[in-house]
Every structure is written in C-alpha cells, then in structure tokens.
Amino acid sequence: AAVQAEPELTDGFHLVIDALKLNGIETIYGVPGIPITDLGRMCQAEGIRVISFRHEQNAGNAAAIAGFLTKKPGICLTVSAPGFLNGLTALANATTNCFPMILISGSSEREIVDLQQGDYEEMDQLAIAKPLCKAAFRVLHAEDIGIGVARAIRAAVSGRPGGVYLDLPAKLFGQVLDAAKGEASLVKVIDAAPEQIPAPSAVKRALDLLKSAKKPLIILGKGAAYAQADDDIRELVERSGIPYIPMSMAKGLLPDNHPLSAGAARSTVLKDSDVVLLLGARLNWLLSHGKGKQWGEPGSKKFIQVDIEPREMDSNVEIAAPLVGDIGSVVKVLLAGIDSSWPGVPSDWTSTINAKKEANISKMAAKLGKNASPMDFHGALGALKQVIKERPDAILVNEGANTLDLARGVIDMYQPRKRLDVGTWGVMGIGMGFAIAAAVETGKPVLAVEGDSAFGFSGMEVETICRYNLPVCIVIFNNNGIYRGTDVDPTGRDPGTTVFVPGSRYDKMMEAFGGVGVNVTTPDELKRAVDAAMDSGKPTLINAEIDPEAGSESGNIGSLNPQSVVKKK
Ligand code: ADP
Ligand code: MG
C-alpha cells in the first residue's frame with residue numbers, strides 16, 4: 001500500500017503570528033502568562049520583537065505611543081481578566097488620544113464564562129472593553145484569525161485612529177488547521193487608512209474665510225503631528241505667513257524658535273485672533289472649549305477646523321468652515337489655494353505678536369540661567385532646555401504636574417513627534433511605557449523628565465529598560481511629593497497626604513538593575529549627568545533634588561480643584 005503523506009498542519013498560535021507578520025507588525029509589548037505565554041515565545045522565535053513588561057498598563061502605554069509614532073497599530077498582549085483590565089486603562093487612554101493600538105488579550109472558556117460557572121480568571125472581557133475603545137472583536141475559530149486581525153488593524157488606523165480590543169480565548173490557540181487552508185485564510189489589509197479628501201466647496205469656504213482674516217491664527221494639534229505631513233504643514237504656515245501655536249505634542253512640528261511661532265504669546269493670540277484654523281486639535285478642556293475669557297469677546301472668533309472625524313465639528317462652538325479629511329490631503333488642497341490671490345497677513349497683527357513674544361521670552365530667560373541649590377523647577381529646566389537644543393533628535397517624554405507644565409513652556413522642541421506627554425486626559429503613568437517604546441521604535445536617545453509622583457506609577461519598568469539595555473535617561477524632579485513636599489497631617493498622626501519619604505534616592509533603583517544612578521543638586525551637575533547618559537546610551541536615572549517648597553498645587557490647572565465652602569481650619 002502507498003504511504004499516505006501527512007498533511008502539513010498549522011494552529012491558532014501560528015495563524016495569529018502569521019497574520020500579524022503579514023500586516024507588518026514587528027514588535028509586541030506585553031506581559032506573559034496564561035494563556036498567552038507560548039504565543040509570546042513563538043512570536044519571538046518567528047522574529048517578532050517581544051518587549052516584556054512588569055505591568056500591563058505600561059506595556060499598553062508603550063503600544064499606544066508606538067502607534068502614534070509609526071501610524072501602525074501598536075500591539076499590547078496580556079493575560080485574561082486582571083491583566084486585561086490593567087491593559088484596558090491604556091487602551092481607553094489611547095482611544096481618547098486618537099492613537100492606533102490593539103489590545104490582544106487571552107480569555108477563558110466562553111462556555112463557562114457565559115454560564116458564569118467560575119472559570120480561571122473568568123470575565124466577559126469583550127463586553128467590558130466595548131464601551132472603552134473604538135471597536136472590539138472576538139475570534140472563536142482558527143480559520144477566522146486572519147479576518148479578525150485584519151478587522152482590528154483597519155479599525156485602529158482608519159478614520160480617527162483609536163484603540164481596538166481583540167479577544168482570543170485560550171482554546172483558539174490550540175485549534176489545528178490544514179496549513180494551506182490556514183495560509184489562504186490570512187488577510188493583508190490593503191490601504192488601511194485611505195486618504196480622505198474634502199469637497200471643493202468646503203475647501204473654498206475655508207479659504208475665503210482665511211483670506212478675510214485680519215488676525216489669523218493656526219493651532220497645530222497632535223493630530224497634525226500624527227499625520228506625518230510635516231513638510232506640507234510647514235509650507236502652509238510659511239507660505240501663508242500665519243502665526244501658529246502648537247499644542248503640547250505638536251511642538252517641534254515647526255521648530256519652537258520659528259519666527260512665526262506665537263507660542264510665547266499664547267494668551268494674546270487666543271484672545272485677539274479673529275479667524276482660527278484648527279489643524280488636528282480639538283476644542284476640548286485644553287483649549288477652554290473654544291469659549292470664555294481666554295478667547296476674548298464672545299462672537300469675536302470664527303473657526304476653521306480640519307479633522308478626520310466629522311462629528312468633532314461643533315463639539316463646543318460653531319465651526320464656520322468644517323474641513324473633514326485627513327490632514328495630509330487637506331493641507332495639500334489648502335496649499336493650492338495659497339496662491340497669488342493670497343492677501344498676506346496684516347503686519348500690525350504680526351508686530352503685536354512679536355512684541356509680546358520678545359517681552360515674555362526675556363522674562364523667562366531671567367528665571368532659567370541660575371545655578372542655585374536647592375534647585376527650583378526653572379533652574380533645573382534651564383539645563384534640560386540646553387540639552388534638547390544641543391540634541392534635537394532626542395525624544396522628550398514628560399509627565400508630572402509642575403514638572404509637566406513648566407517643562408512644556410521652557411523646553412523648546414525642534415523636530416516633529418519628539419515630545420510625548422500626558423495627552424488629552426493629563427494622565428500620570430505614561431512615562432516609562434512611552435520612554436521604552438520611543439527608544440524601541442525610533443532607536444533615538446530618550447530623555448524622560450518625570451515628577452517624583454508621576455514616576456511612581458510606572459517606576460518598576462526601570463528593570464525593563466535595563467533588561468533591554470535601552471538608551472533612556474530618566475530625570476526625576478524630586479521635590480518629595482505631589483505638587484510640593486511640605487504637606488502635614490493636621491492631626492499629627494501620619495505624613496501629609498501628598499508627601500513621600502523625604503530625601504528618597506530614586507537613582508539607587510536604577511543601580512539595583514545594573515543601570516547608572518546619579519544624584520544631583522545643581523543645574524550644572526544635572527546638565528553634566530544628562531550629557532554623560534546621552535553620550536553613553538546607558539540606561540540612567542538621575543535623581544534631581546528640587547526644593548520641596550517649589551511647585552504649586554496641581555501645576556497650571558489648580559482651578560480644576562473643587563473648593564469646599566465649609567472648609568474647617
Ligand atoms: P491636541 O491635544 O494636540 O489638541 P487632540 O488630540 O485634541 O490634539 O486632537 C487631535 C485631532 O486630530 C482629533 O480630533 C483627531 O480626530 C484628529 N486626527 C488624528 N489624525 C488625523 C489625521 N490623520 N487627519 C486628520 N485629523 C486627524
Ligand atoms: Mg513632586
């Protein structure tokens with residue numbers, strides 16, 4: 001009898017890996033455990049880079065910022081129930097920030113979960129994820145893995161980018177399929193984020209309004225940074241001559257020292273402008289919802305908004321000229337309209353802005369130059385401002401309260417997508433996840449400027465940084481607490497609610513894992529230590545002792561704290 005050849009087989013594990021690889025996924029961020037431990041191992045064996053974290057929220061934040069930096073969905077891989085929930089915070093944050101990301105979680109047996117019979121880590125993860133992300137899918141059969149991964153990728157990056165949840169029950173991984181049939185089931189996503197070109201009538205409406213402006217302003221948001229239309233955006237600003245301000249993560253799209261930057265005259269331009277072109281920026285709380293005192297006289301402003309999401313229009317105020325489309329395409333058609341008919345920008349507007357800018361810049365410079373000890377925020381930031389000026393290709397990660405607000409204003413950025421921070425929610429805890437992914441995705445040196453409190457949310461990942469030997473230099477602005485290091489318990493029983501152990505030495509944490517730890521007390525020492533770290537590329541943590549008296553409650557947003565009218569002394 002003839003020997004029957006065994007048919008070649010594949011299984012759920014390999015189909016997931018093949019589907020990701022087919023769609024250009026090169027890196028996965030995650031935490032191993034049941035049921036995805038072997039999936040991680042096999043990914044690594046198949047050439048996907050796997051970065052294993054200590055906590056899923058940090059892995060999720062890494063995936064999210066990888067999505068922002070690359071326009072490909074960042075992948076986070078977690079175990080079921082608790083691991084999934086830890087990753088879900090990052091998925092929700094990615095969705096809020098319009099970063100493309102896919103959270104892939106293993107899950108328990110459907111039959112048991114749905115009958116609530118108490119499985120290992122039982123949880124209806126799909127139902128929980130759904131309201132917190134852009135889309136959520138579950139794959140039950142191995143032959144559907146290709147479609148499931150394709151749907152997740154397209155949902156994450158098309159239109160307004162966001163977070164997608166992909167639920168993979170444990171049983172799926174072991175399902176066996178004929179290899180040829182398996183390969184045929186995979187889907188390569190074609191044109192995952194198609195261009196969206198606005199209608200000519202909408203473009204004309206916007207250009208007519210822009211041409212009528214006496215005091216025009218452009219606001220660049222992180223959607224503009226995400227679009228990677230850097231040259232055309234710069235051309236739009238320069239050819240039109242319209243002053244601009246960058247939102248936090250749009251800093252560096254044009255260099256902060258650009259003559260048309262009105263960043264140092266922010267309050268003046270928000271108040272006095274007459275036509276505002278929003279380019280990938282939302283009129284949310286970060287822009288006072290487009291109304292109120294900060295925006296000058298009611299009715300004094302007309303808005304042109306460029307956004308890929310139609311429903312963003314009129315979210316807070318009337319948008320006189322909505323331009324729905326992807327920023328790359330929209331900026332191209334706007335540029336075509338900035339031709340010989342362009343009236344230019346009235347010079348009294350630009351000279352008003354320039355006078356204000358110069359005054360504010362010299363006021364700030366006086367605060368930055370001092371080499372005092374104990375350091376205040378400005379002293380320390382003056383040193384870091386110089387570092388980024390000398391190393392403009394380094395990536396700056398920034399979180400904290402005062403550490404965030406003051407660094408945003410002081411440290412100039414010179415290149416696009418080099419400033420990564422707390423984003424739309426103003427969330428603490430993105431620091432180490434963002435720093436790790438920034439180093440992995442770009443290969444550039446990373447400077448993470450962290451408040452001591454903010455650092456605590458992801459601090460254990462210094463081990464991850466050392467393990468993968470990443471060129472990350474962390475500077476902790478250590479003022480012994482949240483906002484300040486001076487709170488006391490009025491009853492005298494415990495430490496105040498916002499203070500930490502005085503004199504903590506975070507630098508020792510780095511040494512525990514073989515990285516470099518340095519303690520500094522002056523701006524000069526700080527500058528030298530950061531330079532050494534950046535030159536060596538070694539994982540480094542610098543504990544920068546900041547005066548515990550320095551800093552203000554909640555940084556710039558203290559007004560958001562509710563006040564008690566019956567506060568007892
Ligand atoms: P910022 O906080 O910097 O103001 P936001 O996150 O509030 O920025 O706004 C970013 C906006 O950019 C979102 O409304 C999002 O829909 C939009 N956006 C993201 N990517 C693109 C793109 N490629 N083209 C057009 N709009 C985009
Ligand atoms: Mg602090």
Side-chain angles (χ1 to χ4, degrees), residues 9-20 25 28-44 48 50 52-60 63 73 75-92 94-95 101-153 155-156 163-179 181-182 185-187:
L9 296 177
T10 187
D11 61 13
F13 287 110
H14 290 93
L15 287 167
V16 171
I17 295 164
D18 293 346
L20 293 172
I25 303 295
I28 288 178
Y29 302 90
V31 178
I34 296 172
I36 49 89
T37 314
D38 271 346
L39 181 63
R41 287 193 184 111
M42 291 177 193
C43 282
Q44 198 172 45
I48 293 181
V50 180
S52 288
F53 282 69
R54 305 301 295 262
H55 190 285
E56 293 86 354
Q57 193 177 118
N58 306 320
I75 309 288
C76 176
L77 183 63
T78 77
V79 304
S80 34
F84 155 76
L85 287 173
N86 288 343
L88 193 56
T89 304
L91 188 71
T95 307
M101 162 184 176
I102 303 173
L103 175 67
I104 303 179
S105 293
S107 60
S108 304
E109 240 175 283
R110 286 273 15 112
E111 292 80 355
I112 302 180
V113 172
D114 288 347
L115 267 175
Q116 298 162 40
Q117 294 174 307
D119 203 2
Y120 166 72
E121 298 194 341
E122 176 177 299
M123 180 172 280
D124 189 356
Q125 296 170 195
L126 184 72
I128 290 165
K130 234 174 224 174
L132 296 173
C133 59
K134 194 178 164 192
F137 305 101
R138 174 159 50 227
V139 181
L140 289 174
H141 302 294
E143 57 264 39
D144 292 332
I145 286 171
I147 287 290
V149 169
R151 296 210 78 181
I153 290 172
V164 174
Y165 176 58
L166 186 61
D167 192 272
L168 303 182
K171 267 211 261 185
L172 178 75
F173 296 110
Q175 284 178 25
V176 172
L177 215 67
D178 174 77
K181 206 174 146 202
S185 73
L186 299 180
V187 176

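Residues: numbered from 1 along the sequence shown.
The side-chain heavy atoms of V176 and T10, taken from C-beta on, include no pair separated by under 4.5 Å. Residues L85 and I128 are in side-chain contact: their nearest non-hydrogen atoms beyond the backbone lie under 4.5 Å apart. Using a 4.5 Å heavy-atom cutoff, the side chains of L177 and D11 are not in contact. A heavy-atom distance below 4.5 Å is found between the side chains of F173 and L168. Side-chain contact between Y165 and L91 is present, with at least one heavy-atom pair separated by less than 4.5 Å. No side-chain heavy atom of H55 sits under 4.5 Å from any side-chain heavy atom of V31.
Of the possible donor and acceptor atoms, one in the side chain of K134 sits under 3.5 Å from a partner among the backbone N and O of A155. Of the possible polar contacts, none joining the D119 side chain to the E122 backbone as a donor-acceptor pair under 3.5 Å is found.
For L132, the side-chain contact (heavy atoms from CB on, under 4.5 Å) partners at least two apart in sequence or on another chain are L88, A92. When the ring pair (Phe, Tyr, Trp, His ring centres under 6.0 Å) test is applied to F53, no partner is found at least two apart in sequence or on another chain. Every residue two or more places apart in sequence or in another chain that forms a side-chain contact (heavy atoms from CB on, under 4.5 Å) with R41 is listed here: T37, D38.
Put simply, CD1 on I153 and CG on L20 are 6.5 Å apart, with the number rounded to the nearest 0.5 Å. Distance CG/D18 to CG/L186: 6.0 Å, rounded to 0.5 Å. Rounding to the nearest 0.5 Å places CG of L166 at 8.5 Å from CZ of F137. One distance of note links CD of Q125 with CZ of F84; it measures 5.0 Å at 0.5 Å rounding. For the atom pair L172 CG and L140 CG, the distance stands at 7.5 Å (nearest 0.5 Å).
Annotation for L9: atom CG counts as buried by contact number, over 12 foreign heavy atoms lying within 6.0 Å.
Here the closest heavy-atom approach between residue C43 and residue I28 is recorded as SG-CD1, 3.7 Å. The two residues L15 and S185 come nearest to each other via the heavy atoms CD2-OG, 4.4 Å. Across all their heavy atoms, A156 and P73 have their closest contact at CB-CB, 4.0 Å.
Residue pairs meeting the side chain to side chain donor-acceptor pair (under 3.5 Å) criterion with at least one member in residues 169-178, sequence neighbours excluded, do not occur.
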List, one per line, each side-chain donor-acceptor pair under 3.5 Å for residues 101-112, sequence neighbours excluded.
unit_1 : atom_1 : unit_2 : atom_2 : d
S105   : OG     : T78    : OG1    : 2.6
S107   : OG     : D167   : OD1    : 2.8
S108   : OG     : Y120   : O      : 2.6
S108   : OG     : E121   : O      : 3.0
R110   : NE     : D114   : OD2    : 3.4
R110   : NH2    : D114   : OD1    : 2.2
R110   : NH2    : D114   : OD2    : 3.2

Exercise answer: donor-acceptor pairs, residues 141-152 side-chain atoms, under 3.5 Å, sequence neighbours excluded:
none

Test side-chain contact (heavy atoms from CB on, under 4.5 Å) applied to I34 and V79, step by step = CA-CA 6 Å; I34 296 172; V79 304; 5.7 Å; no

